[in-house]
Amino acid sequence: MIQIDEKGFYGKFGGAYIPEMLHPNIEELRENWEQIVASPDFQEEFQMLLRDFVGRPTPLYFASRLSEKHGAKIYLKREDLCHTGAHKVNNTVGQIILAKKLGKKRIIAETGAGQHGVATATVCALMGMDCTVYMGALDIQRQRPNVERMKILGAKVVPATSGSQTLKDATNEAMRQWINNPVDTHYIIGSVVGPHPYPEMVARFQSVISQEIKTQLLEKEGTPNPDIVIACVGGGSNAAGAFYHYYNVPQVRLVAAEAAGLGINSGKSAATTVLGTPGVLHGSKTLLMQTEDGQVVEPHSISAGLDYPGIGPVHAHLHDIGRAEFVAVEDEDAMKAGIELSRLEGIIPAIESAHAIHALNMIQYQKDDVIVINLSGRGDKDLETYIKWGGY
Ligand SMILES: *Cc1c(COP(=O)(O)O)cnc(C)c1O
């Protein structure tokens with residue numbers, strides 16, 4: 001059974017490793033979130049916004065040409081058709097309603113590539129809430145279009161200038177700001193990471209993905225259960241959403257695709273389950289890439305969304321107990337899979353999602369197995385990367 005305990009642990013991983021000053025904020029969330037989320041009031045607004053703002057349910061699309069090529073029945077869960085172009089908005093919609101119900105006036109968030117920043121700025125505009133997004137100074141230079149999107153939406157983008165000036169520094173800065181503004185501010189974390197209760201809360205908001213897959217597959221295949229579900233893992237929120245209602249259905253295989261970057265042994269990788277060891281990252285105990293003295297190793301992936309030195313604690317647990325199979329997909333193979341999907345199905349995927357497509361080549365399955373691949377996002381944001389790579 002995949003279950004979270006009182007203290008926020010999935011097996012050995014999870015918990016809340018936070019500075020004393022953050023306790024009141026985390027306690028307030030921990031004590032209230034489940035009750036608020038379960039209330040009819042919350043659910044009515046959440047379901048309405050998922051439907052009318054995000055555009056849910058997203059289709060479960062039978063990819064016939066991809067199926068023919070790989071000798072399986074392959075369905076794509078079309079999170080790429082969500083408003084803003086990826087699954088992230090499912091979580092930010094949930095958290096902004098929660099923040100409102102907690103009486104918060106201000107939202108802060110961290111972002112690496114800017115996707116979570118955009119999803120957060122979007123829901124803040126929707127609700128008329130003040131929004132500040134912390135972003136590494138280097139990332140601000142590298143991700144200009146998303147910075148401008150956030151600004152158009154009315155958010156303030158604040159550079160984090162310490163350390164490597166990337167995601168982990170932005171996260172530290174957001175945490176610091178939250179400690180300083182505990183009463184009126186809610187911190188929207190973008191994946192199934194961070195201190196308890198964030199990983200479970202974000203997974204719950206994303207679990208709409210597997211909820212819909214069950215209904216849609218029942219209609220199309222006469223059973224809610226596929227043989228295999230495949231999703232890419234950065235922090236792991238789209239995978240947690242796609243796996244959630246199958247965690248405890250043992251006949252459904254769960255496959256997680258991590259980013260191997262230039263290769264597992266290249267020193268430029270983000271394959272956390274291969275290269276990582278247990279430690280504490282962003283407030284929870286999990287697997288992370290670190291040096292022997294505990295310094296976080298700078299990860300690399302061609303896809304900004306998988307360029308993260310850890311994974312959410314639930315994935316560390318799924319790996320630990322062997323409930324999910326993990327594969328590590330190299331940059332080059334992911335790019336080729338992105339082109340393959342574009343040419344076979346007329347869908348240009350986010351490069352993150354292309355990792356999940358390539359996983360088809362790395363696992364064993366029977367002919368005519370039903371495989372659901374979670375297509376976490378669309379490729380529009382990655383056009384520059386496709387162009388620079390050029391292999392099409
Ligand atoms: C952010 C992102 C990811 C990685 O985040 P998870 O929390 O692992 O889902 C994957 N795909 C897309 C399109 C993203 O924007």
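Remember, it's 1-based here, ligands and their atoms both numbered in the order they're listed. FYI, the numbering just counts along the sequence from 1.
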Discussion item. I'd like to know if the side chain of Asn180 reaches the main chain of Gln177, judged simply by a donor and an acceptor atom lying under 3.5 Å from each other, with no hydrogens or angles considered.
Written reply: no

Practice prompt. For residues 75-96, pull every pair meeting salt bridge (charged side-chain N to carboxylate O under 4.0 Å, His left out), keeping only residues two or more places apart or in separate chains.
Written response: Arg56-Glu79, Lys77-Glu212, Arg78-Asp80

Worksheet entry | Ion pair Arg176/Glu173, N-O distance below 4.0 Å | yes

Item to complete: Describe, in one word, how the ring planes of Tyr244 and Tyr247 are oriented to each other, choosing from parallel (under 30°), tilted (30 to 60°) and perpendicular (over 60°).
Response: tilted

Worksheet item: Can you name the residues that form a salt bridge (charged side-chain N to carboxylate O under 4.0 Å, His left out) with Asp380, not counting sequence neighbours?
Response: none

Practice prompt. Report all protein residues having a heavy-atom distance below 4.0 Å to some atom of ligand 1; order the list by chain, then number.
Written response: Ala86, His87, Lys88, Gln115, Ser191, Cys232, Val233, Gly234, Gly235, Gly236, Ser237, Asn238, Gly305, Ala350, Glu352, Ser376, Gly377

Practice prompt. Using the test ring pair (Phe, Tyr, Trp, His ring centres under 6.0 Å), find all partners of Phe46 that sit at least two apart in sequence or belong to another chain.
Written response: Phe42, Phe205

